[in-house]
There are 2 protein chains.
Amino acid sequence: MTTLSDTLFTSTLNAIYSGELAPGDEVNEAALAGRFGVSRGPVREAVRRLQGIGLVSREPYMRATVVRLTATQVRELFEMREALEGMACRLAAQRMSDAEQERVAADLDAARAARLAARKSRARAPDFDFHERIIRASGNARITNTLCGDLYHVLRVYRRRSGAVPERSDEAHAEHWQILRALRARDGELAESLMRAHIARAAVKVTERLHALDGRRR
Amino acid sequence: MTTLSDTLFTSTLNAIYSGELAPGDEVNEAALAGRFGVSRGPVREAVRRLQGIGLVSREPYMRATVVRLTATQVRELFEMREALEGMACRLAAQRMSDAEQERVAADLDAARAARLAARKSRARAPDFDFHERIIRASGNARITNTLCGDLYHVLRVYRRRSGAVPERSDEAHAEHWQILRALRARDGELAESLMRAHIARAAVKVTERLHALDGRRR
DNA sequence: GCGACCCAATGTGTTGACACTTGATCGATG
DNA sequence: CATCGATCAAGTGTCAACACATTGGGTCGC
């Protein structure tokens, strides 16, 4: 059984994803309630959950707003991701089954092929999330929840607004393979540093892009 | 202005800390509401927040219970802490001011002296939290919130129940100094590995203790 | 006796109304 | 004309009642 709060949480999340609720916008409980045809109770809970994962900022009696990520917050996000995904990668090196490694390898190749095909046909390739697969293979539910739950949502909103960084996809693919090799060699130490470096590079790209956008916006 | 929800969150947290609400206990919204003389609304929000930080587990229409940490979950907690505190320590090495380093050094010594005195007089030494100081010096609000907010609460409940590990305090003090030296040398790499090793050692101790307790309990 | 089914009792999910806080508008005043 | 203070609307916080799901126990058929 799923409750209204859950539904509203997802719906509101989607509204944020789609840009309907843009960063900086006010989140009005009554308005949301009216829009979804429910009372304010479930809406409140949904908004509180969004606040919990840091997508919405709110203080008592103040209107809630969709969080607007500053350059500092983006940096913090990536630092945290680097720490956690690095650790997840190290753990995955120890705990991932051989079979799962092979599956990820196959999917990684398939995703690349699909991306190349899509590039020609201008279609959008289904995104295969290498990172998520590794994280889930870490065997650490708490880290997985933090990364695939909280951080993922925040990053996704940000990514949506800043756009993807397509020119990095080839590089990224190479780095993914490198990480996978370390995993197969069961070298946790190496896998961790590769993943951290991989994320740090992504952070640099994203930061550059953020600055470019900021420049254009103002 | 502080709301009832906030108050209730803190109160309930304290009830859990004090053992009044022990792991495995059911958390009855109406009962809590009655006890604090408020309606169920604020209680719900407080319980949801506790659920958010992983202290209470709940599914729709099911009674909420105070989370009972299994050995696996303790391991996961420490793995996450190792990753985040390691990163925080690395960042602190770069960002901590010289003045703050000196203050922490002074407090570290003072705390040790107080502990020795307390040992003689059987009093309880005020705990100076070296870890928290380092974390806050990392300059990363997100990591700080996760460690000092969410994880801290969970760990604290656990610590309360398993008891401290006094014989490690001398060791820990030495390790803290070692970390501080790395911070002073602005050696982020070293500071991070020292902190990770420090936490890993604590994890081993806690795990041993947990097994011992488990053995006695059943 | 044993198991499946039904049914209250308990507790959570949801609602609409009311109380309080905040920020802004508007007018009086130095 | 600027500034301060009262007033007011909009929005959040809280409440008490109602609707629904789950659970445990009793009853009936086998």
Exercise for review: If the plane angle is over 60° it's perpendicular, under 30° parallel, otherwise tilted; pick one for B:His198 and B:His131.
Suggested key: parallel
Check your understanding: Taking side chain as C-beta onward, heavy atoms only, is B:Asp107 less than 4.5 Å from B:Phe130?
Key -> no
**Asked** Can B:Glu100 and B:Arg133 be said to form a salt bridge (charged side-chain N to carboxylate O under 4.0 Å, His left out), step by step?
**Response** CA-CA 9 Å; B:Glu100 176 63 6; B:Arg133 290 285 279 278; 3.2 Å; yes
Checking B:Glu82, B:Glu208, B:Glu175 against B:Arg201 for salt bridge (Lys or Arg N to Asp or Glu O under 4.0 Å), the one that qualifies is B:Glu175
Legend entry - B:Glu29 (side chain) donor-acceptor with B:Arg40 (main chain) under 3.5 angstrom: no
Contacts satisfying side-chain hydrogen bond (donor to acceptor under 3.5 Å, both in side chains) that involve residues 8-19 of chain A (not counting sequence neighbours) are A:Tyr17-A:His153
Note: chain A reaches DNA chain C at heavy-atom distances under 4.0 Å over the stretch, first to last nt, 5' to 3', of C:dG13 to C:dG23
*Could you check whether A:Val43 gets within reach of a base, just the sugar-phosphate, or nothing at all, counting any heavy atom under 4.0 Å?*
nothing
Task: Test item: A:Gln73 side-chain N/O and A:Thr70 main-chain N/O as donor-acceptor pair under 3.5 Å - done: yes
Chain B reaches DNA chain D, atoms under 4.0 Å from its heavy atoms, from D:dG13 to D:dT23
Between A:Met62 and B:Ala64, whichever has its closest DNA chain C nucleotide further toward 5' is B:Ala64
Just to be sure I understand the rule, does A:Gly41 reach a base, reach only the sugar-phosphate, or reach nothing, if contact means heavy atoms closer than 4.0 Å? base
Using a 3.5 Å distance criterion without hydrogens, assess whether the side chain of A:Asn140 forms a donor-acceptor pair with backbone atoms of B:Glu76.
yes
Nearest-nucleotide check on DNA chain C, A:Thr2 vs B:Glu26; residue mapping nearer the 5' end is B:Glu26
